A.B. asks: 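Here it is: the structure, laid out below.
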Number of protein chains: 2
Amino acid sequence: MMKHAYDVYSDRCPTRQVLTRIADKWALLILDLLRAGPHRFSALHRRIHGISHKVLSQTLKKLERDGLVSRTAFPTVPVTVEYALTPLGTSLTGAVSAVAHWAESNMDAVAEAQRDYDARQDSGG
Amino acid sequence: MMKHAYDVYSDRCPTRQVLTRIADKWALLILDLLRAGPHRFSALHRRIHGISHKVLSQTLKKLERDGLVSRTAFPTVPVTVEYALTPLGTSLTGAVSAVAHWAESNMDAVAEAQRDYDARQDSGG
DNA sequence: CCGTATCCGCGAGGATACTG
DNA sequence: CAGTATCCTCGCGGATACGG
């Protein structure tokens, strides 16, 4: 029973573009952050260490276009903007956060694997 | 109660490197494929449409170094090589597959969101 | 505060060819 | 079949500056 005809393994399938967008360091971190609630642009920028102004803006725009994130501007002065998850975006955050958290939870095991691997290389393994 | 001192939001934290590696289109597809069982190099190459020989090789090497994937060479002629998930790798595939599958399951909603967004741009929204 | 435009360096990654 | 090396391009993404 086919639920959909999409195939992310295919070069031509539009799902590949979507995957490219969400299989991205910055997008993952943004989506994970928004899980806790709406955030302002500057708040996201402050929390996500290392992302540039421009790339944060670009990434948010793409996520908004894909319907994962909503953007709300309040007519204050200067303008206040809030980004939040849409229901569609929320449906992805479980998986996204799991990936992000995995890195933290398994860092020790990864580091050990790297040491083993490198040692094997040194000894001509 | 802190379970670990790692913070993926920090630029300097080693988890950021790990995230960078797994938050990657090709790595996600490889890990998802290996979920079904061991695969040979050429099989992976055939299934993952659009990946180059070189990048597949590089990505596998990194995943192997991080302890997510194991590499087994059989002394046939020509040599046969099998890639498989390690237990560590298996612990990540749930989240990884969820992300990959999400793209397929929600493609229609994403496409609709894109149409809406683009229409709003055209009408000077 | 938020966003976009411009410039530009750098490295990911594709094509190709060669080794084992 | 599996893997590496070389070359080269192309666009991501950082810095900066300016507009709203």
Side-chain angles (χ1 to χ4, degrees), chain A residues 10-12 16-30 33-34 38-66 69-84 117 120-121 124-125, chain B residues 11-12 16-30 33-34 38-66 69-84 117-118 120-121 124-125:
Chain A
S10 164
D11 221 4
R12 308 284 193 123
R16 179 64 75 83
Q17 323 296 338
V18 177
L19 179 64
T20 301
R21 228 158 290 144
I22 60 182
D24 170 73
K25 188 176 47 183
W26 302 131
L28 286 184
L29 291 175
I30 290 172
L33 257 187
L34 292 182
H39 282 68
R40 299 180 54 176
F41 183 90
S42 50
L44 291 171
H45 194 212
R46 226 175 304 115
R47 295 268 254 127
I48 304 176
H49 200 62
I51 195 171
S52 71
H53 201 71
K54 181 185 124 184
V55 170
L56 175 57
S57 180
Q58 283 178 343
T59 307
L60 283 169
K61 205 167 187 174
K62 287 173 188 169
L63 291 176
E64 188 196 354
R65 188 172 109 94
D66 286 352
V69 162
S70 68
R71 176 187 178 280
T72 311
F74 300 98
T76 56
V77 46
V79 65
T80 300
V81 178
E82 258 189 14
Y83 290 94
Y117 183 91
R120 251 177 283 132
Q121 300 310 305
Chain B
D11 220 4
R12 309 285 195 121
R16 180 64 75 83
Q17 324 296 337
V18 177
L19 179 63
T20 302
R21 227 157 292 143
I22 60 182
D24 170 74
K25 187 177 47 182
W26 301 131
L28 286 184
L29 290 175
I30 291 172
L33 257 187
L34 292 182
H39 282 68
R40 300 179 56 174
F41 184 89
S42 49
L44 291 171
H45 194 209
R46 227 173 306 115
R47 296 270 253 126
I48 304 177
H49 199 61
I51 194 171
S52 71
H53 201 71
K54 181 185 126 186
V55 169
L56 176 58
S57 180
Q58 284 178 344
T59 307
L60 284 169
K61 207 166 186 176
K62 288 174 187 169
L63 291 176
E64 188 196 353
R65 188 173 110 93
D66 287 351
V69 162
S70 69
R71 177 187 178 280
T72 311
F74 299 98
T76 56
V77 47
V79 64
T80 301
V81 177
E82 258 188 16
Y83 291 92
Y117 183 91
D118 294 344
R120 252 177 283 131
Q121 300 311 303

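Values in this document were obtained by computation on a predicted structure and should not be read as measured data.
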A.B. asks: Within the structure provided, determine whether L56(B) and W26(B) are in side-chain contact (heavy-atom separation under 4.5 Å).
C.D. replies: no
A.B. asks: Please determine if K25(B) and D24(A) form a salt bridge, counting it only when a charged side-chain N lies under 4.0 Å from a carboxylate O.
C.D. replies: no
A.B. asks: So how far is it from I30(B) CD1 to R47(B) CZ, rounded to the nearest 0.5 Å?
C.D. replies: 12.5 Å
A.B. asks: Could you name each residue pair satisfying side-chain hydrogen bond (donor to acceptor under 3.5 Å, both in side chains) that touches residues 73-82 of chain A, not counting sequence neighbours?
C.D. replies: T76(A)-T80(A)
A.B. asks: Check the distance between dT4(D)'s P and Q121(A)'s CD and give it to me in whole angstrom.
C.D. replies: 9 Å
A.B. asks: Nearest 0.5 Å, what's the CD1-OG1 distance between I51(A) and T59(A)?
C.D. replies: 5.0 Å
A.B. asks: Take the protein atom NE2 of H45(A) and the nucleotide atom P of dT16(D), then report the distance between them rounded to whole Å.
C.D. replies: 13 Å
A.B. asks: Five pairs per end, C1' atoms only: what is the angle between the end axes of the helix from dC1(C)-dG20(D) to dG20(C)-dC1(D), to 10 degrees?
C.D. replies: 50°
A.B. asks: Please report, rounded to the nearest Å, how far the C1' atom of dG3(D) is from the CZ atom of R65(B).
C.D. replies: 19 Å
A.B. asks: How are the rings of F41(B) and H53(B) set to each other: parallel, tilted or perpendicular (split at 30° and 60°)?
C.D. replies: perpendicular
A.B. asks: Could you walk me through whether V77(B) and V79(B) satisfy the side-chain contact (heavy atoms from CB on, under 4.5 Å) test, starting with their C-alpha distance in whole Å, then the side-chain angles of each, then the deciding distance to 0.1 Å, before giving a yes or no?
C.D. replies: CA-CA 5 Å; V77(B) 47; V79(B) 64; over 6 Å; no
A.B. asks: What is the distance, to the nearest angstrom, from the CZ atom on R21(B) to the P atom on dG13(C)?
C.D. replies: 13 Å
A.B. asks: Return the polar atom pairs (N/O with N/O) between nucleotides 1-4 of chain C and the protein under 3.5 Å, or none.
C.D. replies:
unit_1	atom_1	unit_2	atom_2	d
dC1(C)	O3'	R40(A)	NH2	3.1
dC2(C)	OP1	R40(A)	NE	3.1
dC2(C)	OP1	R40(A)	NH2	3.3
dC2(C)	OP2	S42(A)	N	3.0
dC2(C)	OP2	S42(A)	OG	2.6
dG3(C)	OP1	R71(A)	NE	2.6
dG3(C)	OP1	R71(A)	NH2	2.7
dG3(C)	OP1	Y83(A)	OH	2.9
dG3(C)	OP2	Y83(A)	OH	2.9
dG3(C)	N7	H53(A)	NE2	2.8
dT4(C)	OP1	K61(A)	NZ	2.6
dT4(C)	OP2	S57(A)	OG	3.0

A.B. asks: Keeping the roles fixed (side chain from R16(B), backbone from H49(A)), state whether a donor-acceptor pair exists under 3.5 Å.
C.D. replies: yes
A.B. asks: When the distance from NZ of K62(A) to P of dG11(D) is rounded to whole Å, what number comes out?
C.D. replies: 12 Å
A.B. asks: For the pair made of CG in L56(B) and P in dG13(C), what is the distance, rounded to whole Å?
C.D. replies: 12 Å
A.B. asks: Rounded off to whole Å, could you give me the NE2-to-C1' distance for the H49(A) and dG13(D) pair?
C.D. replies: 16 Å
A.B. asks: Just how far is it from atom CZ of R40(A) to atom CZ of F74(A), taken to the nearest 0.5 Å?
C.D. replies: 9.5 Å
A.B. asks: Rounded to the nearest angstrom, tell me the gap between atom CD1 in I51(B) and atom C1' in dA12(C).
C.D. replies: 12 Å
